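What follows is a set of notes on a single structure, which appears directly below.
Please read these numbers as outputs of a predicted model, since none were measured by experiment.
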Amino acid sequence: MDSDDRADHEMRIGELARRTGVSTRSLRYYEERGLLASRRDRNGYRRYGDEAVVLVNNLRHLLGAGLSVENVREFGSCLASPDLGSSPCAPALEVYEQRLRVLDERIAALAHVRSDLAAQAEHLRTRTAGHAMPDDRSDEVGGDRP
């Protein structure tokens, strides 16, 4: 394929942005982070092949699912797979399992905090049953002060 044929199958950054629903700023960010590659015209314009559409859609999906750029980078060549979600990819499985462990730890920590808060609320509820509680909100902006 000569350079004229290759240019017929490439797109500039604006077209890639339109085809993927991703801003040009995000595309540049992906490129800075090594997740997306382009070639440059003599005038400096970025050029992307059609395969970049699949890659960017996969990036959007993975980043939107809460994975970090570092996590996504670990997917390696799997990122270019048109059926990333259904094809076997060892790096993807490792990343998903690692992220699930982190989320499980955070959920456990939040459940512990929630349990402590619920216990404190119940303790205060039983101690104040039948007692009038002072309302300190009158000092807030827009309170009952003249």
### Message
Through direct or indirect side-chain contacts below 4.5 angstrom among Ile, Leu, Val, Met, Phe, Trp and Tyr, which residues connect to V113?
### Response
L117
### Any Y96 side-chain heavy atom under 4.5 Å of L62 side chain
yes
#### Entry: Backbone N/O of C78 and side chain of S81: donor-acceptor pair under 3.5 Å
no
### Message
Could you measure the distance from the CG atom of L27 to the CZ atom of R46? Nearest 0.5 Å is fine.
### Response
9.0 Å
### Message
Quick one, R47 with I13, criterion side chain to side chain contact (heavy atoms under 4.5 Å, CB included). Give me CA distance, side-chain angles, the key distance, then yes/no.
### Response
CA-CA 7 Å; R47 291 283 185 178; I13 193 167; over 6 Å; no
### Y30 side chain reached by V22 side chain, heavy atoms, under 4.5 Å
yes
### Query
Rounded to the nearest 0.5 Å, how far apart are CD of E10 and CD of E51?
8.0 Å
### Query
So which heavy atom on C89 is nearest to which on F75, and how close?
SG-O, 4.3 Å
### Task
Using modelled atom types only, decide if a donor and an acceptor are shared between the side chain of D104 and the backbone of R101 within a distance under 3.5 Å.
no
### Task
Return yes when atom CZ of R40 has more than 12 non-hydrogen atoms of other residues, nucleotides or ligands closer than 6.0 Å, and no otherwise.
yes
### Task
Please answer whether the main-chain N or O of L79 pairs with a side-chain N or O of N58 as donor and acceptor at a distance below 3.5 Å.
yes
### Closest non-hydrogen atom pair, V69 against L63
N-CD2, 3.9 Å
### Message
Hydrophobic cluster membership, with links at side-chain heavy-atom distances under 4.5 Å among I/L/V/M/F/W/Y: are L67 and V102 in one?
### Response
no
### Task
Indicate the atoms forming the closest heavy-atom contact of S23 with A17, along with that distance.
C-CB, 4.3 Å
### Query
Same cluster for V54 and L84 if Ile/Leu/Val/Met/Phe/Trp/Tyr side chains link at under 4.5 Å?
no
### Query
At what distance, to the nearest 0.5 angstrom, does OG of S68 lie from CZ of R73?
8.5 Å
### Query
Are V72 and L93 co-members of a hydrophobic cluster defined by side-chain heavy atoms under 4.5 Å apart?
no
### D41 side chain to N43 backbone, donor-acceptor under 3.5 Å
no
### Message
Please determine whether a side-chain nitrogen of the Lys or Arg among R19 and E15 lies less than 4.0 Å from a carboxylate oxygen of the Asp or Glu.
### Response
yes
### Message
Under the criterion side chain to side chain contact (heavy atoms under 4.5 Å, CB included), I'd like the reasoning laid out for E74 against E94: C-alpha separation, chi angles, the key distance, then a yes or no.
### Response
CA-CA 9 Å; E74 293 178 41; E94 291 173 25; 5.8 Å; no
#### Entry: Separation between CG of L16 and CZ of R12, rounded to the nearest 0.5 Å
12.5 Å
### Task
Check for a donor-acceptor pair, side chain of T128 on one end and backbone N or O of L124 on the other, with a separation under 3.5 Å.
yes
### Message
To check you understand the geometry: which heavy-atom pair defines the closest contact between E31 and L36, and what is its length?
### Response
CG-O, 3.1 Å
### Query
In the single-linkage hydrophobic clustering (I, L, V, M, F, W, Y; side-chain heavy atoms under 4.5 Å), do M11 and Y45 co-cluster?
no
